[in-house]
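Reviewing the structure listed below.
All chains are named by letter (A, B, ...) in the order of the sequence lines, taking the proteins before the strands, and each is independently numbered beginning at 1. Given the structure is predicted, the values throughout are model-derived calculations rather than measurements.
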Amino acid sequence: MQISLYDWNGNTLATWVGLDNYVDVVSDPALRASFGHALVLIAFYALLPLLVGLVLTAILSRARVRGLGFFRTVVFLPQVVAMVVIAVAWRRMYAPDGSVNDLLSALGMGSLTRGWLGDYTAALPAVGLIGTWFEIGLVTVLLLAGTGKIPTELFEAARLDGAGPVREFVTVTLPALRGEIAVALTLTVIAALRTFDLVYVTTRGGPGTSTSVPSYEVYNRAFQQGRVGSAAAIAVVLTVIIFAISFGITRIAERDR
Amino acid sequence: MLGNLDKWPAIHVFGTVQAQTTPADQIRQLGFGQKGGSWVTPENTQAAQTLVDWVDKGYFGKDVNGLGYDPAWQAFSKGTGAYLIAGTWLQADLGKAMGDDLTFVLPPKAQQTPAATGGTGIPWAVSSRTKNPDAAAAYIDFITSKDAMGVLAKTENLPVADTADQKAPSAIGQDVFTAFGTAVDDDALVPYLDYATPTMADTLGAALQDLLAKKATPEQFLQTVQKDYGDFVAQNG
């Protein structure tokens, strides 16, 4: 907090600049854009995995699937691998001659192939999809655990009343999962906002500044460019945003209970 | 060819092209972040335009910004592309992969003097506040000694002090040593452009990606870089 009010290069004497560093966060278009990118990442890290997780849960909770434990392990596996390893692997898959392009060509969609991480429109979604892949496991396992707690009588009652699979999911499963959804959202949104390693390894914020995110800016300014004050200001703003969003999620989840 | 996913590689390529169009003393002024220079000049515009032309002609290969630096030189070693603008740090790896098929040349002489982007490693200095200046000096003597240079040469690195005294372990190594000797004798080295300011590596790297992807015109590119340089010299010049 204190450092964020100074212009300090990390080494020599700092000068007091008051709120200038914070004004920069709002007025510098590149910095503002980096916060925008973080919001886009929330969609990929939190909303998309939640959607996929809910669908998977709906299917899995209805049918007594054989080998559920095995499936759970496979989906959860990305969570066990270090993010840097994941980033290196995906960077290779997204390369111009990588497996993503190979797959597209094999499916007859050769016109879509590109160097994904070097493309101005595709790079941010490409990075985001890595996050989606990463978080689906966490969300699904959380939701599956939640459905396990729901008393079977509720399902039976719904079925006796003639509810179809969709109706059953909406009236029985979804309300019972409110707590788990809130936890999943909180974890994944925070993960999205503090994304650093993924961007650092795959694109370094490029092409141009199209995948730059606040955490990457914090690192870059504090340890590469010697603008420690500005880095601290971004970090403080980011912390406040994370706090506000997770507070919001918990409030919404608890209000309707 | 060029793989510019990592942002910094294009800085070397631009530096090399710029050295053909722009007088060396101007480049040094910009590269060392000294007062009084300007990025927005006809010569630098021409350099930036050349880069864009090379993109159009396919000299860099497809997906310049999507290809990583390492995959690029690896592909080059397997026969992709005609030239690779890179540095002595690839001598060992490329030499191993390509053997006698590999040669190393300085950029052609465009003006009176040849000019090549380069630096001689980490700039060591002895702080005026140190308690042990002798130990620091002894260390600098040690890493620039003939023995140390011999180790560098043997491991396919470039011995920057008294290069002529060292024997290269391979043909490509000999190319590199000769080229460096020529560059030093002719005072041809111009600095890496990202030396200029603490933020220049990021500014220039991102701006060059924009330029190569045609998100920015050569003029806009130079304005972006000029702003970084201008802000810095205004405060520190």
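With rounding to the nearest 0.5 Å, the separation of OG1 in T202(A) from CG in L5(B) is 7.5 Å. Annotation: the span from R92(A) atom CZ to D70(B) atom CG amounts to 9.5 Å, rounded to 0.5 Å. The line from OG1 of T203(A) to CD of Q209(B) is 8.5 Å long, rounded to the nearest 0.5 Å. To the nearest 0.5 Å, atom CG of residue D63(B) and atom CG of residue D119(A) are 8.0 Å apart. The CG atom of D7(A) sits 7.0 Å away from atom CD of Q235(B), with the distance rounded to the nearest 0.5 Å.
Heavy atoms closer than 4.5 Å to chain B are found nowhere in D97(A), neither backbone nor side chain. For D6(B), the parts lying under 4.5 angstrom from a heavy atom of chain A are both the backbone and the side chain.
Other residues, nucleotides and ligands contribute more than 12 heavy atoms inside 6.0 Å of the CZ atom of F196(A). Around CG of D100(B), the count of heavy atoms belonging to other residues, nucleotides or ligands within 6.0 Å does not exceed 12. Annotation for R194(A): atom CZ does not count as buried by contact number, only 12 or fewer foreign heavy atoms lying within 6.0 Å. Crowding of I3(A) atom CD1: a count of heavy atoms from other residues, nucleotides or ligands under 6.0 Å not exceeding 12.
At a threshold of 4.5 Å between non-hydrogen side-chain atoms, the residues R221(A) and T199(B) do not count as touching. Counting heavy atoms from C-beta on, the side chains of W8(B) and R204(A) never come closer than 4.5 Å.
Listed for the Y120(A) side chain is no donor-acceptor partner under 3.5 Å among the backbone atoms of A213(B).
A pairwise comparison of heavy atoms in Q225(A) and P198(B) identifies O-CB, 3.3 Å as the closest pair. G208(A) approaches A206(B) most closely through the heavy-atom pair O-CB, 3.4 Å.
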